[in-house]
Amino acid sequence: MPSRKFADGEVVMGRWPGSVLYYEVQVTSYDDVAHLYTVKYKDGTELALKESDIRSQSSFKHRKSQSSSSSPSRRSSSRSRSRSRSPGRPGKGRRRSASQSREHKDDKKKTIQETSLALAVLVFFKLSENNTKRYNGEPESTEKNDTSCIILEQKLKPDLEVKRVLEQYSLRSRKDDKKTEEIFSEKKTFLAIKPIEKVPSKTKELEFGGRIGTFMMIFLLPATVFYLLLMCKQDDPSLLNFPPLPALESLWEWRVFGVFLLWFFLQAVFYLLPIGKVVEGLPLSNGKKLQYRINGLYAFILTAAVIGALLYFQFELHYLYDHFMQFAVSAAAFSLALSIYLYVRSLKAPEEELAPGGNSGYFIYDFFTGHELNPRIGSFDLKYFCELRPGLIGWVVINLAMLLAEMKIHNLSMPSLSMILVNSFQFLYVVDALWNEEAILTTMDITHDGFGFMLAFGDLVWVPFVYSLQAFYLVGHPTTVTWPMAAVITVLNCVGYYIFRSANSQKNNFRRNPADPKLANLKFIPTATGKGLLVTGWWGFVRHPNYLGDIIMALAWSLPCGFNHILPYFYVIYFICLLVHREARDEHHCKQKYGLAWERYCQRVPYRIFPYIY
Ligand code: NDP
């Protein structure tokens with residue numbers, strides 16, 4: 001492996017991204033993994049540059065004296081002149097006086113600012129190329145006010161340059177981000193160069209109550225699942241009627257664990273089938289994009305065929321109901337083992353592959369939140385697989401088992417209306433998630449959270465065993481729903497679903513292709529990252545319209561269980577807490593990502609989830 005050429009502290013000449021201009025910079029550090037030097041320009045800008053974009057000062061001066069035409073510095077200054085077109089500039093080749101050289105220095109500084117501004121403008125033009133309208137509540141004079149930038153932008157060939165600059169260079173924040181924003185806001189633009197960090201830094205702000213909070217959650221989450229399942233089995237599941245603890249040996253059965261493993265690996269086989277398209281995820285911090293196979297719906301259809309075959313051959317699906325607690329224990333044990341494996345392997349993962357939110361250096365915290373962002377065995381993405389397959393499809397199978405158990409236990413020729421409603425609503429939700437599988441690639445779970453205990457337990461235990469609580473409850477607590485009531489609940493679910501789906505699709509389509517003609521009527525606030533923030537449509541209604549839709553649906557899933565007990569409402573209560581907390585986390589990340597633009601968005605869209613309430 002070639003060793004680094006330039007030492008820390010060395011003063012060298014660094015190329016400015018997107019140009020052929022070289023400026024004096026100081027090397028501040030070197031990243032062995034990414035092979036990038038972090039250099040500091042005189043104006044405080046810090047960039048990560050490749051070695052090929054750095055030259056020693058001596059070679060630079062040497063070349064300059066040899067041939068003026070081939071000198072990069074000459075070339076750069078002549079370019080800077082032609083770009084910034086100052087009428088008072090001295091002609092080429094003249095010897096500079098002291099004041100001229102000062103002026104030259106000023107020109108250089110100005111060129112740096114103009115170049116950086118030009119890059120920002122390029123990003124802006126990239127955004128403006130699409131049909132989507134910019135938020136017209138903001139000044140629109142960005143490009144009109146600075147013709148020199150437009151000239152520069154044209155010379156740099158926007159498409160190629162933006163792509164190249166963003167992909168090849170790691171633009172670190174200026175010494176003072178605020179200062180940068182001021183520079184740009186003086187020029188009446190909201191764009192700044194967004195830091196694209198190659199190497200994620202340590203997680204400084206701990207969530208979920210930090211180390212103590214995450215430690216407690218590792219015990220609290222499984223305890224909650226078992227409490228809910230035990231309560232649901234009781235004739236009187238009132239909150240104060242605490243269930244007796246079962247004998248420990250009754251919680252474990254190897255056969256049940258075997259069935260769980262069979263289920264998990266069957267889903268893994270379906271995931272590996274070379275059917276369905278392969279898509280790219282969002283760019284990672286190192287600029288790379290991972291590939292994902294979209295075949296969740298096929299897996300669901302194949303699972304349906306397997307379950308159909310089992311039923312045809314008289315397999316008693318209510319085995320699941322009879323051993324429900326043992327299945328939950330098996331899934332919990334498996335998810336714990338998986339989390340330990342994930343943490344151990346994450347210790348060997350390169351720094352750049354660690355999760356932005358799970359790299360605190362504290363064992364418990366990183367174990368819980370997930371240390372590695374996208375753990376993969378070959379092309380098998382463990383997090384992506386667990387997010388939508390074994391747990392989510394398992395939820396539908398559990399619901400079906402509950403429906404059959406209800407018919408068997410109560411000797412019914414057809415399931416109750418309540419059970420049909422719960423099954424249908426949740427079936428729709430799962431099929432929708434699988435139908436829109438690609439949309440998960442832009443969610444926080446995939447882009448921000450690592451894969452650790454939180455998601456492993458959430459995906460494999462919490463989702464299938466807690467989300468099916470209403471169906472489980474209905475088996476032991478038959479509830480009659482009138483047809484008019486059923487109609488009202490169905491309308492509620494449809495309204496929730498419509499908001500949820502259209503909001504998610506709007507954002508997902510906008511993120512994937514802002515130039516989508518279907519989004520032409522939407523307005524957005526441009527941000528420093530080059531991404532926009534929608535301020536009309538669903539995302540102009542509240543800041544998390546998808547959560548609103550989800551919560552409305554959650555209520556519709558609980559209502560068929562009547563009003564005798566609060567237990568079946570656990571889901572909607574928990575879900576509101578989850579989404580309020582998730583929303584706060586997301587707000588925090590967005591504020592960090594988008595700064596002022598996010599604040600403007602919040603001013604424009606004041607409510608977070610519930611219009612006029614919250
Ligand atoms: P979201 O899909 O809500 O995504 C949030 C991200 O959207 C932000 O980080 C930001 O990311 C982007 N964004 C925010 N505001 C705007 C805007 N105005 N314009 C454009 N982009 C914007 O995140 P979640 O992953 O939390 O939720 C996804 C879905 O999953 C939701 O429907 C939620 O209800 C559901 N969900 C369901 C759960 C369940 O257990 N059933 C649990 C959790 C979520 P960026 O700018 O980087 O693109």
Side-chain angles (χ1 to χ4, degrees), residues 127 132 135 194 196 281-285 356-357 387-388 391-392 395 425-426 429-430 432-433 436-449 454-455 457-459 461-468 496-514 519 522-554 557 571-572 574-595 597-605 607-609:
L127 275 170
T132 316
Y135 165 39
K194 170 70 184 172
I196 301 171
L282 294 181
L284 302 171
S285 59
E387 280 278 296
L388 287 184
L392 209 69
W395 175 16
F425 295 162
Q426 297 183 350
Y429 190 75
V430 172
D432 173 88
N436 295 288
E437 190 179 0
E438 209 175 323
I440 200 176
L441 300 179
T442 60
T443 63
M444 245 203 285
D445 286 4
I446 297 292
T447 60
H448 179 267
D449 293 336
M454 178 175 75
L455 284 182
F457 187 83
D459 293 340
V461 187
W462 193 269
V463 168
F465 295 95
V466 173
Y467 288 18
S468 58
Y497 176 73
Y498 176 71
I499 299 174
F500 163 85
R501 175 49 33 227
S502 36
N504 275 328
S505 299
Q506 215 167 59
K507 196 242 328 182
N508 192 44
N509 293 341
F510 181 66
R511 278 286 170 264
R512 290 214 161 257
N513 177 19
L519 306 172
L522 296 181
K523 293 172 185 170
F524 67 90
I525 299 177
T527 75
T529 64
K531 290 189 201 170
L533 291 170
L534 290 166
V535 280
T536 58
W538 282 114
W539 296 82
F541 179 54
V542 284
R543 299 210 288 270
H544 267 96
N546 48 354
Y547 290 1
L548 175 67
D550 226 338
I551 290 169
I552 294 173
M553 279 192 286
W557 300 352
Y571 176 71
V572 62
Y574 138 80
F575 204 50
I576 291 172
C577 299
L578 173 91
L579 292 184
V580 164
H581 177 246
R582 198 174 168 93
E583 198 276 339
R585 285 180 72 208
D586 193 45
E587 286 266 329
H588 186 66
H589 298 149
C590 287
K591 204 166 174 185
Q592 283 180 335
K593 261 188 286 185
Y594 302 126
W598 183 258
E599 281 171 24
R600 285 198 193 95
Y601 174 57
C602 294
Q603 279 163 10
R604 166 87 192 220
V605 186
Y607 293 103
R608 292 161 185 259
I609 301 177

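Both counts, for ligands and for their atoms, begin at 1 and track the order of listing. Because only heavy atoms are used, hydrogens play no part in the values below, and waters and symmetry mates are left out as well, while side chains stay in. Note that the structure is a prediction, hence the values are computed from the model and not measured.
Evaluation of the ring-ring contact (aromatic ring centres under 6.0 Å, His included) rule for Phe500 yields Tyr429 as partners, not counting sequence neighbours. Checked against ring-ring contact (aromatic ring centres under 6.0 Å, His included), Tyr574 has the following partners two or more places apart in sequence or in another chain: Trp462, Phe570.
Side chains of Trp395 and Gln426: a donor-acceptor N/O pair is present below 3.5 angstrom, by distance only. Side-chain contact annotation: Asn513 with Asn509, donor-acceptor N/O pair under 3.5 Å absent.
Neither the backbone nor the side chain of Trp538 has any atom closer than 4.0 Å to an atom of ligand 1 (non-hydrogen atoms only). Counting heavy atoms under 4.0 Å from ligand 1, residue Cys590 touches it through the side chain alone.
Numbered from 1 in the order shown, with element, the atoms of ligand 1 that lie under 4.0 Å from a heavy atom of Tyr594 read 45 (P), 46 (O), 47 (O). For ligand 1, the atoms lying closer than 4.0 Å to a non-hydrogen atom of Met444 are 25 (O), 26 (O). The contact set between ligand 1 and Lys593, taken as ligand atoms under 4.0 Å from a residue heavy atom, comprises 9 (O), 11 (O), 45 (P), 46 (O), 47 (O). Atoms of ligand 1 lying under 4.0 Å from at least one heavy atom of Tyr467, given by number and element, are 39 (C), 40 (O), 41 (N). Those atoms of ligand 1 with a heavy atom of Thr443 less than 4.0 angstrom away are 25 (O), 28 (C). Of all atoms in ligand 1, listed by their number and element, those nearer than 4.0 Å to a heavy atom of Asp550 are 32 (O), 33 (C), 34 (O), 35 (C), 36 (N), 37 (C). Close contacts of ligand 1 with Tyr601, meaning ligand atoms under 4.0 Å from a residue heavy atom, involve 18 (N). Every atom of ligand 1 with a heavy atom of Leu578 under 4.0 Å away is listed here by number and element: 42 (C).
The aromatic ring centres of Tyr601 and Tyr594 sit 6.0 Å or more apart.
Closest protein heavy atom to atom 5 (C) of ligand 1: Asp586 OD2, 3.2 Å. For atom 44 (C) of ligand 1, the closest non-hydrogen atom of the protein is Arg582 NE, 3.6 Å.
Inside a 4.0 Å radius of atom 30 (O) of ligand 1 there is not any protein heavy atom.
Trp557 and Tyr571 have parallel rings, their planes meeting at less than 30° on a 0 to 90° scale where 60° marks the start of perpendicular.
By heavy-atom distance, the residue among Leu548, Asp445, Leu534, Thr536 lying nearest atom 19 (N) of ligand 1 is Leu534. The heavy atom nearest to atom 7 (O) of ligand 1, considering only Lys531, Met553, Lys507, His448, is found in Lys507.
One finds no salt bridge joining Arg608 and Asp586 here, because no Lys/Arg side-chain nitrogen approaches an Asp/Glu carboxylate oxygen to under 4.0 Å.
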